[in-house]
Amino acid sequence: MAPGDVKKTNFISQIIEEDLKSGRNGGRVATRFPPEPNGYLHIGHAKAICLDFGMAAEYGGECHLRFDDTNPVKEEQEYIDSIQEDVRWLGFDWGEHLYYASNYFDQLYEWAVKLIREGKAYVDDLTADEIREHRGTLTRPGTESPYRNRSVEENLDLFERMRKGEFPDGAKTLRARIDMESPNLNFRDPVMYRILKATHHRTGDKWCIYPMYDWAHGQSDSIERITHSICTLEFEDHRPLYSWFIEQLGIWPSRQFEFARLNITYTILSKRKLLQLVKENYVDGWDDPRMPTISGLRRRGYTPESIRDFCDRIGVSKADSTVDVGLLEHCVREDLNKRALRRMAVLRPLRVVIENYPEGQTEQLDAVNNPEDPSAGSRKVPFSRVLYIEREDFMEEPPKKFFRLAPGREVRLRYAYFITCTSVVKNAGGEIVELRCTYDPATRGGNSPDGRKVKATIHWVNTETAVNAEVRLYDHLFTREDPNKVDSEDLDWKTNINPNSLEALKDCKLEPALAEASPGEGIQFERMGYFCIDSKDSKPGAPVFNRTVTLKDTWAKIAKQG
RNA sequence: UGGGGAGUGGUGUAGUUGGUAACACGCCUGACUCUGGAUCAGGAGUUCGUAGGUUCGAGUCCUACCUCCCCAGCCA
């Protein structure tokens, strides 16, 4: 945050401040980020992480990382590892506070027994289908299960035997005994435990009954003395149940607060759908640079700072909304502009021969590393008679607003010389294969002693010393602003996948200094955008670069308008 | 048709004792520039979902209505 900026507040921080003022939790603030380890974290989670950890940090509290691992059939160690890596990479530290809901299985079991003893929970023999039928509908009340009024002794015995594994999966459930006519469906005797004879990634085969979300989450918060349990809007209906369990148990009163989840244009943020993209090979994996996952953004070249800044700017509210993906892009540009070294790289090469430049001669020219940061210094760039320039920087018949190279026109080669195009060489197919130019030796370094101005400066790479590379250009993964919008019912969101979201250019020419680029380092290819080494596919001697984001491009805008 | 939420410029948000709406992104001008980048200066755009009401005065209070989102997993 720049000095002078006003600190951003949101309704959550206001609640915390009021609680602090009233001394509600003894002046203590504890939050938690509770991912289920069934997928990789994405930018939507980053919003939650920034909020959870951010609030704790702002008010001198603590934020726990707690894995909500109550469903062994969907959860894996791989996800636990990636989640920890991503949270750390984003810049947050949970210190000693790493927990698992599965740590509390024993306590949860005891509390369940307590509720059974008090007649507030019972073992139900209804099948899943029957439970659904008995639940009623949104407008019709449910009906009570015939097993609802079993004796405490019978319930205790049955529950114990459920735990011992005497019944097959799905044969019985433990349900809270609340109100089958409640207008809030969550109160119609919610299932607390189901039988699942699955090996848990942490508790192994110790358990064959596993707690449901509603029964596990609030109690876990309470055990950890979480003061502000922040979650997304779809859990609003669960809040009364969250509080009900805590109240019945008489345990420490954690409270839940809900905010609107993040949506971004041209982006899908649903773990289920992202998993589908991975499983069905629409992308290269969870960390495909086109994915909105933290690992995908990292591989794409986004910085943790830029993601945090983004989360800061979008704010926190309870209104459903969709953020323009352009804001995310703006955040990386702004961050990278300050720190990225500038380099020259020609993505779509066009040969240029400087006819009046001595054959066999090479000179080293000075080039600034970062105009935004004088301390970044400068480097030498080799120049000689035959060069590459960007194909799109030349037009044989330029429209009025095109300032770059054209027959008879003079432009500046960045940090080098003014050149003038004298002729165009084409192949049999009429395709331009080479440009013949002359240079003005007096403009060495890029300035003309006679004060002559030129309308454009273009980048270039010396042919003899060029490093060959593959460069991957990315576009939005979806063609529609709202990927979930389809024109007819028989189409699904996958029909909106952008077939051109990846363009791999294999014949790119880089200046020599780029041979030493290291992964994780954001680099600006002058006039083309910000790029970084691909952490997976790049090899020494065969570099692969990913385009993080383009530079703002006024010409592209003009060209598009026609 | 039950319950729970939300509606402020194109987008996201701020607006906390009611006093004629602000910030960011985007957009448009211009200046400057060896990146059509960056930077700087300026500009357009909202009357606050709708209709009433209270009040000298309402985005802020009241009433009614409209629209959108979420909930009928032994998922989280």
Side-chain angles (χ1 to χ4, degrees), chain A residues 5-6 8-10 14 18 34-36 38 68 70-71 73-75 124 126-129 131-133 135-142 169-175 182-188 190-196 209-210 212-214 216-217 231-240 258 260 265 271-272 312-324 326-331 333-334 337-338 342 344 367-368 371-372 401-404 412-416 418 443 445-447 454-459 524-529 550-558:
Chain A
D5 281 4
V6 181
K8 262 203 168 182
T9 67
N10 58 58
Q14 286 169 10
E18 281 161 23
E36 181 187 13
N38 67 344
D68 218 336
T70 57
N71 186 357
V73 311
K74 285 189 178 170
E75 298 154 6
D124 197 353
L126 255 30
T127 64
D129 283 347
I131 285 183
R132 181 165 19 84
E133 284 160 18
R135 185 153 32 227
T137 69
L138 295 179
T139 50
R140 249 181 263 296
D169 282 12
K172 292 184 179 354
T173 56
L174 183 75
R175 294 229 259 164
S182 173
N184 181 344
L185 302 233
N186 294 122
F187 272 91
R188 320 246 261 227
V191 172
M192 294 166 66
Y193 280 96
R194 75 283 215 187
I195 300 171
L196 238 39
I209 56 171
Y210 290 93
M212 297 288 289
Y213 169 85
D214 285 309
H217 203 93
C231 64
T232 43
L233 252 30
E234 65 269 28
F235 291 100
E236 273 179 319
D237 286 340
H238 295 247
R239 188 185 345 126
E258 311 86 13
T265 55
K271 265 202 214 174
R272 203 196 98 240
D312 217 58
R313 292 187 194 226
I314 57 178
V316 179
S317 76
K318 295 185 73 125
D320 293 311
S321 60
T322 302
V323 176
D324 191 331
L327 181 61
L328 216 209
E329 296 169 348
H330 170 265
C331 291
R333 277 195 198 100
E334 189 177 78
N337 176 52
K338 295 177 301 196
R342 271 59 170 177
M344 292 198 284
V368 172
E372 302 295 317
K401 286 180 175 171
F402 183 85
F403 304 150
R404 283 107 95 144
R412 169 169 40 231
L413 292 180
R414 186 122 159 111
Y415 300 125
F418 285 11
T443 59
N447 289 303
V454 93
K455 289 203 81 171
T457 298
I458 64 175
H459 59 99
Q524 184 191 110
F525 288 180
E526 296 232 16
R527 306 205 307 130
M528 303 306 287
T550 59
L551 249 32
K552 278 216 280 189
D553 191 344
T554 307
W555 164 243
K557 205 180 287 176
I558 295 168

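By convention in this document, chain letters (A, B, ...) are assigned in the order of the sequence lines, proteins followed by strands, and residues within each chain are numbered from 1.
Across all strands shown, B:A51 is found opposite B:U63 as a Watson-Crick or G-U wobble partner, with both distances under 3.5 Å. Base pairing analysis places B:G73 opposite nothing; no Watson-Crick or G-U wobble pair with both distances below 3.5 Å involves it.
Here the P atom of nucleotide B:C23 and the CG atom of A:N10 are 20 Å apart, to the nearest Å. Between A:H238 atom NE2 and B:C75 atom P the separation is 13 Å, expressed in whole Å. Look at CG on A:L327: it is 9 Å from P on B:C25, rounded to the nearest Å. Here B:G36 presents its P atom at 10 Å from CD of A:Q524, a figure rounded to the nearest Å. Rounded to an integer number of Å, the gap from A:K455 NZ to B:U33 P is 14 Å. If you take CD of A:E234 and P of B:G73, they are 16 Å apart, rounded to a whole angstrom. Atom CD of A:E36 and atom C1' of B:G73 are 13 Å apart (whole Å). Atom P of nucleotide B:A72 and atom CG of A:D237 are separated by 9 Å, given to the nearest angstrom.
Comparing B:A24 with B:A14, their C1' atoms sit 11 Å apart, to the nearest whole Å. The same atom, C1', is picked in B:G9 and in B:G15; the two are 15 Å apart, to the nearest Å. Across the C1' atoms, B:G19 and B:G59 are found 12 Å apart, a figure rounded to whole Å. When the C1' atom is used for both B:U20 and B:G57, the distance is 8 Å, rounded to whole Å. The same atom, P, is picked in B:U46 and in B:C66; the two are 28 Å apart, to the nearest Å. Nucleotides B:A21 and B:G49 have their P atoms positioned 15 Å apart, rounded to a whole Å. Annotation: B:A31 and B:A38 have their C1' atoms spaced 14 Å apart (nearest Å).
When distances are taken from the side chain of A:R527 to each of B:U35, B:C74, B:G12, the shortest belongs to B:U35. Picking from B:C74, B:U16, B:G36 the nucleotide with the shortest atom distance to the side chain of A:F403 gives B:G36.
For A:R188 and B:G73, the shortest distance from a side-chain N or O to OP1 or OP2 is not below 4.0 Å. A sub-4.0 Å separation between OP1 or OP2 of B:G12 and a side-chain N or O of A:S317 is absent. Within the 4.0 Å cut-off from OP1 or OP2 of B:G36, not a single side-chain nitrogen or oxygen of A:T457 is found.
Taking only distance into account, the side chain of A:R342 meets the base of B:U35 through a donor-acceptor pair shorter than 3.5 Å.
Where stacking is scored as ring centres under 5.5 Å apart with planes under 30°, A:Y213 does not register as stacked on the base of B:A76.
In this structure, the side chain of A:E334 does not engage the main chain of A:H330 through any donor-acceptor pair within 3.5 Å.
Salt-bridge formation is not detected for the pair A:E36/A:K271: no Lys NZ or Arg NE/NH1/NH2 atom is positioned less than 4.0 Å from an Asp or Glu carboxylate oxygen.
For the ring pair (Phe, Tyr, Trp, His ring centres under 6.0 Å) test, residues two or more places apart in sequence or in another chain that qualify with A:H238 are A:F235.
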One character per nucleotide, please: for nucleotides 26-32 of chain B, 5' to 3', B when the base has a protein heavy atom closer than 4.0 Å, S when only the sugar-phosphate does, - otherwise. SSS----
